[in-house]
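These numbers were taken from a predicted model, which means no experiment stands behind them. Convention: sequence-line order gives letters A, B, ...; per-chain numbering from 1.
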Amino acid sequence: MVLMVLTTQCQETSHQREQSNTDTEARITMLISKAKVTDPDSASIYLNHAYKLTRNTKEGPIAGKYLWKIAYQAFRQKDSSLFKEVNRESLTYARKVKDTFALGHSHWNYGAWYLSRIRYDSAYYHYGNALRMFENSSEASYSGQILYNMGIILSRLKDYTGAEVLAFRAIAHLEPQQKHKQLYLCYNLLGVIYEELSEYDKAIIYHTKALEYLEHIKDPGIYLLDSQNNIGLIYQKTGDQKKAITYFDQALNAPFLKQRDVSLYARLLDNKAFSRLLNKDTVGLLPQLNRALYLRDSISNKAGVVVSKLHLASYYAYTGDTIRGIQEADGAYGLAQKIRNNRDILLSLLLLADLDISKRPEYLRDYISLNQELIQRERQTRNKFTRIQYETNKYMQRSRELSVQNAQIFFIASSLVLIFALLYFYYRQRARTKVLQLESAEQKANEKIYLLTIKQHTRFQEGKIDERIRISEMLHDSVVADLYGIRLNWGYLQLYGDKNEMKKHREYLTVLKSIENQIRDASHSLRENLTSHAIDFFRMISILLKNRGITGGFKTIVEADPRIDWRLLDDFVRVNLYCVIEEALQNCIKHARAKTVNLQFSLEEGFLIITLRDDGIGMSNKRIKGIGLKNIWSRTRKMKGTVSISSIAGEGTTLTVAIPYKTYKL
Amino acid sequence: MNTEPYQTLIVEDHALIAMGLEVALKETTRKSGISFELQRAYTCSQALSLLNHSGGFDLVFLDIQLPPEPDTGMLSGEDLGLEIRRRFPETIIVVSTAYNENIRIHSILKNVNPDGFFVKGDMDDLNLVPAIVSLLDNPPYYSQTVLRSIRHYMSNDFILNKYDRQLLFGLDKGHTMDVIANTLSLSRSAVVKRKQKLKVIFGVEHGNDRDLTIKAREKGFI
């Protein structure tokens with residue numbers, strides 16, 4: 001939850017800044033794309049400007065997004081100082097904010113930079129880091145391109161098996177993405193590798209495959225010619241000069257080759273000539289070789305010049321012109337030393353040893369010592385590489401283990417949290433159910449008590465009525481009847497006395513008769529108004545009110561509209577109404593501090609209105625929503641009625657309950 | 001003067017009242033020469049067996065307030081009066097009752113149609129003898145309260161028949177509708193309808209059975 005909130009906040013703030021950022025971003029993007037297509041000097045200006053803009057924004061996202069792009073363009077445009085500065089900053093920044101994408105690109109930049117500087121160990125190290133960063137990225141082609149570059153490095157170091165492995169890994173990454181150009185490069189690399197491993201058949205197969213990929217590229221350009229040259233060279237090496245020459249010719253026949261790439265043109269020319277030499281076809285060969293040399297010299301392609309000179313030396317050696325041969329070979333040797341091309345140094349030393357018999361031992365000695373030195377150096381570098389690779393592998397393994405461990409920890413932790421949450425909810429639910437059960441049980445018990453009270457009350461009332469009837473009947477049937485009988489008999493007694501006595505006797509009989517009638521009336525009135533217990537609901541409420549008044553120390557007044565026929569309320573309504581009033585009175589006792597409580601029953605448009613008014617201290621809105629009133633609400637709802645409460649602080653509270661009052665059709 | 005004495009039956013559970021009546025009849029004989037041959041019954045069943053043996057009476061003094069006998073279907077003197085009327089139409093029936101309720105009086109008048117109707121509160125030693133003479137000479141004789149009641153109820157013609165009274169009696173004893181229907185040989189629904197009609201008559205249309213019986217008791221039907 002907390003995490004979610006944090007991210008949303010971040011989103012919000014970044015959203016606000018987006019507007020101003022889009023302008024800056026657009027400008028930076030524009031500057032970078034301009035730098036991409038212009039000459040190095042203007043590019044430097046553009047990139048410096050873009051770099052300044054990026055720094056000025058001080059915005060994390062922008063720095064992460066653009067610094068490595070600027071650095072890459074600086075590298076492409078060979079602005080070393082700018083590249084170094086920008087890429088260093090990009091790397092530092094990416095490391096700080098753990099932006100793997102930017103980190104990967106920064107390392108990639110360094111790799112390319114060191115590769116161009118022929119510092120293979122550093123290049124390999126950075127490529128290795130970049131590869132790790134892109135390992136989990138969705139951009140599989142990035143990994144493929146990096147692996148290819150690493151393969152290039154290994155092949156340069158003559159670790160052909162290692163290079164082979166990397167090339168295949170690169171292909172595995174690139175194949176699903178259909179990156180034709182990169183795939184071409186990989187297969188080309190494989191061809192070169194197998195060539196170096198002297199597995200010429202395989203080399204030709206891979207080169208051919210590389211050519212297949214080229215067919216998918218709209219403008220294969222010099223790639224095609226390069227490949228043809230390479231294939232030609234392989235055939236040259238295998239001794240199939242005719243085939244070699246066909247390939248060289250194919251390449252040479254490409255339109256505008258000379259204008260597009262003089263160096264390649266010269267190389268092809270030279271290679272073709274050398275093949276012809278190897279095929280012992282020397283007619284008009286010398287001008288060809290010389291032309292290649294001339295072209296290479298004119299563009300200061302020193303490596304090319306060395307090769308040309310070596311081929312010339314071979315030509316002279318073949319034609320028997322030893323002096324010229326030595327001259328050319330010696331020139332190649334010197335130049336090769338100058339450009340430190342060891343392969344060509346060795347080749348020229350071999351040629352010189354062949355041509356200059358007098359100095360042969362010297363040359364051979366030099367050859368052997370240099371060769372040994374080279375082998376030694378290669379071994380050292382390879383060892384170094386093995387170490388780098390080993391460490392990288394170890395690191396990767398560890399990170400894999402760690403990620404597995406992390407996943408396990410995450411899984412265990414989340415399942416624990418889940419279990420606790422479930423347990424928590426389970427117990428809470430159970431507690432809630434229990435409370436509900438208790439509540440409903442309590443309610444049921446209350447209703448039972450009420451019904452029992454009603455029943456008891458009814459029985460008591462019935463007993464009372466029965467007793468009244470019994471007394472009434474006794475008065476009527478025996479007392480009055482006996483009095484009547486006595487009076488009748490008394491009247492017929494043959495009494496004798498003076499007139500006054502007799503008159504009194506008559507008067508007493510009359511009095512007796514009137515007493516008889518009085519008793520009869522009394523007996524009648526004893527039976528009258530013996531209506532059922534229905535009316536007793538009102539009595540019960542009155543008793544309740546009186547008792548609560550005694551408990552709470554307040555005076556009670558109860559009034560009822562005489563039109564109310566209490567018998568119309570069924571037991572359900574009675575129970576609930578009784579409880580509502582009881583609850584409300586409980587509130588009065590507990591909180592109101594009232595002096596008088598007035599309970600009123602009235603009829604209004606088909607509703608029975610119950611109004612309970614107290615003159616207490618009133619209550620706050622909070623208390624109106626309190627638990628005590630919840631029962632009143634729920635019970636009233638059950639009776640399909642409504643509740644309203646109004647309260648004025650210091651003046652008391654009025655609770656009004658309205659429930660439907662059904663009248664029967666008569 | 002008629003020398004034949006009136007074969008007379010006094011049905012009265014109160015000995016004192018019966019005694020008073022006997023004295024009054026003797027007084028009548030002394031004053032007017034009408035002679036009576038008296039027999040007495042304290043209960044309905046006693047009266048019924050006397051009726052069966054004697055083959056009828058000329059004159060019956062009937063108290064309405066007799067102990068009820070559900071076995072014979074005699075719930076009060078009223079039922080006995082009906083029985084006598086049915087079997088011996090010539091018999092002169094004198095009803096005496098302590099009730100002065102209009103409904104009750106009306107019901108007795110309609111059902112039994114007695115030749116003499118005494119409300120006990122109206123009667124004393126002075127008017128009893130002339131009343132007996134009058135009802136024998138020139139029936140009927142109604143006492144003061146009865147006359148007042150007749151005037152009062154002239155327009156009102158509701159009536160409780162025997163079924164109604166038995167129904168009320170059964171209700172009062174707490175019998176179920178089925179039992180009552182059984183004893184009355186009526187269908188259950190007929191009994192229920194009759195009961196509802198009674199509730200309307202007694203003004204307790206919303207009340208329960210107890211309300212009805214209390215009201216009926218109040219009016220003296222039970």
>> For the backbone of B:S107 and the side chain of B:N111, can you confirm whether one donor and one acceptor N or O come within less than 3.5 Å of each other?
In response: yes
> Would you say the side-chain atoms of A:N517 pair up with the backbone N or O of A:R520, donor to acceptor, closer than 3.5 Å?
Replying inline: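 Absent.
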> Side chain, backbone, both or neither: which part of A:L483 has a non-hydrogen atom closer than 4.5 Å to chain B?
Replying inline: neither
>> Between A:S472 and chain B, with a heavy-atom cut-off of 4.5 Å, which part of the residue counts as in contact: side chain, backbone, both or neither?
In response: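 No part of A:S472 comes within 4.5 Å of chain B.
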> So, B:D122 and B:T145: side-chain donor and acceptor under 3.5 Å apart, yes or no?
Replying inline: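 Yes, B:T145 and B:D122 have a side-chain donor paired with an acceptor closer than 3.5 Å.
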> Quick one: does B:D125's side chain get under 4.5 Å of A:R506's, heavy atoms only?
Replying inline: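 B:D125 reaches A:R506 side chain to side chain.
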>> Heavy-atom cut-off 4.5 Å, strictly under: side chain, backbone, both or neither for B:D209 against chain A?
In response: neither
> Which atoms of B:A24 come close to chain A, meaning under 4.5 Å heavy atom to heavy atom: side chain ones, backbone ones, both, or neither?
Replying inline: both
> So, for B:F118 and B:Y142, is the gap between ring centers shorter than 6.0 Å?
Replying inline: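 No, they do not, as the ring centres are separated by 6.0 Å or more.
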> What residue, out of B:M123, B:E27, B:E22, has the most heavy-atom pairs lying under 4.5 Å from chain A?
Replying inline: B:M123
